[in-house]
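Remarks on the structure that follows.
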Amino acid sequence: MKKVKVSRNTSAKDDMRPQYDFRGKNGVRGKYYKAYRQGHTVAIRETDGTVTLQHFTLADGAIMLEPDVRAYFPNSEAVNKTLRSIIALVPAKGKQHNRSSR
């Protein structure tokens, strides 16, 4: 009797439920992009029947880069480094205001 070696990736294949298998589906990139930038509201339904609405927006200080700009920056550090070098070229706000009043 011959022994046959069977190779199975059980962790990836068996753990995936059929409803989460999106192979063969075509998603649309950026479909909800504009709506996400404006924020979104989530209805939280409690067990006692009450509904709480929460509105989510980008966190204070967070920004969203457009895709063409993002192509130039691999991470936050690169964005901050570039912005700091530009800031160094711009006169300070207080000094600029004094010059214009002369």
Side-chain angles (χ1 to χ4, degrees):
M1 180 176 228
K2 284 186 175 180
K3 287 187 179 181
V4 178
K5 222 179 196 183
V6 177
S7 171
R8 270 181 82 191
N9 185 354
T10 57
S11 64
K13 190 172 184 176
D14 294 346
D15 289 346
M16 181 65 74
R17 293 183 178 178
Q19 64 265 34
Y20 298 119
D21 185 4
F22 296 112
R23 287 179 287 184
K25 310 266 193 235
N26 293 325
V28 178
R29 185 177 176 97
K31 182 175 180 179
Y32 300 106
Y33 174 76
K34 288 181 182 177
Y36 181 77
R37 287 185 64 97
Q38 294 174 354
H40 54 282
T41 303
V42 176
I44 302 168
R45 302 182 192 289
E46 302 292 341
T47 54
D48 64 0
T50 60
V51 177
T52 305
L53 295 179
Q54 255 187 317
H55 187 74
F56 294 92
T57 57
L58 289 174
D60 286 342
I63 61 167
M64 185 178 295
L65 299 176
E66 298 288 331
D68 60 326
V69 175
R70 191 176 8 198
Y72 289 90
F73 301 101
N75 53 39
S76 295
E77 184 180 339
V79 172
N80 288 324
K81 182 179 177 183
T82 302
L83 289 174
R84 285 186 182 105
S85 66
I86 293 170
I87 291 169
L89 300 173
V90 177
K93 286 184 180 182
K95 291 178 183 178
Q96 186 178 12
H97 184 273
N98 291 339
R99 289 181 192 165
S100 63
S101 62
R102 290 183 190 171

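A quick note: this is a predicted structure, and the numbers were derived from the prediction, not measured.
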Anything under 3.5 Å between a donor and an acceptor, one on a side chain of residues 77-86, the other on a protein residue two or more places apart or in another chain? List them.
unit_1 : atom_1 : unit_2 : atom_2 : d
N80    : ND2    : S76    : O      : 3.3
T82    : OG1    : A78    : O      : 2.9
S85    : OG     : T82    : O      : 2.7

What residue among R23, K25, Q19 forms side chain to side chain donor-acceptor pair (under 3.5 Å) with D21?
R23
With Y32 via side-chain contact (heavy atoms from CB on, under 4.5 Å) - residues at least two apart
none
If you group Ile, Leu, Val, Met, Phe, Trp and Tyr whenever their side-chain heavy atoms sit less than 4.5 Å apart, what else falls in with F56?
V42, I44
I'd like to check the side-chain hydrogen bond (donor to acceptor under 3.5 Å, both in side chains) partners of N75; sequence neighbours left out, ordered by chain and number.
none
Can you name the residues that form a ring pair (Phe, Tyr, Trp, His ring centres under 6.0 Å) with Y72, not counting sequence neighbours?
none
Pairs involving residues 41-56, ordered by first then second residue, that meet side-chain hydrogen bond (donor to acceptor under 3.5 Å, both in side chains) (sequence neighbours left out)
T41-H55, D48-T50
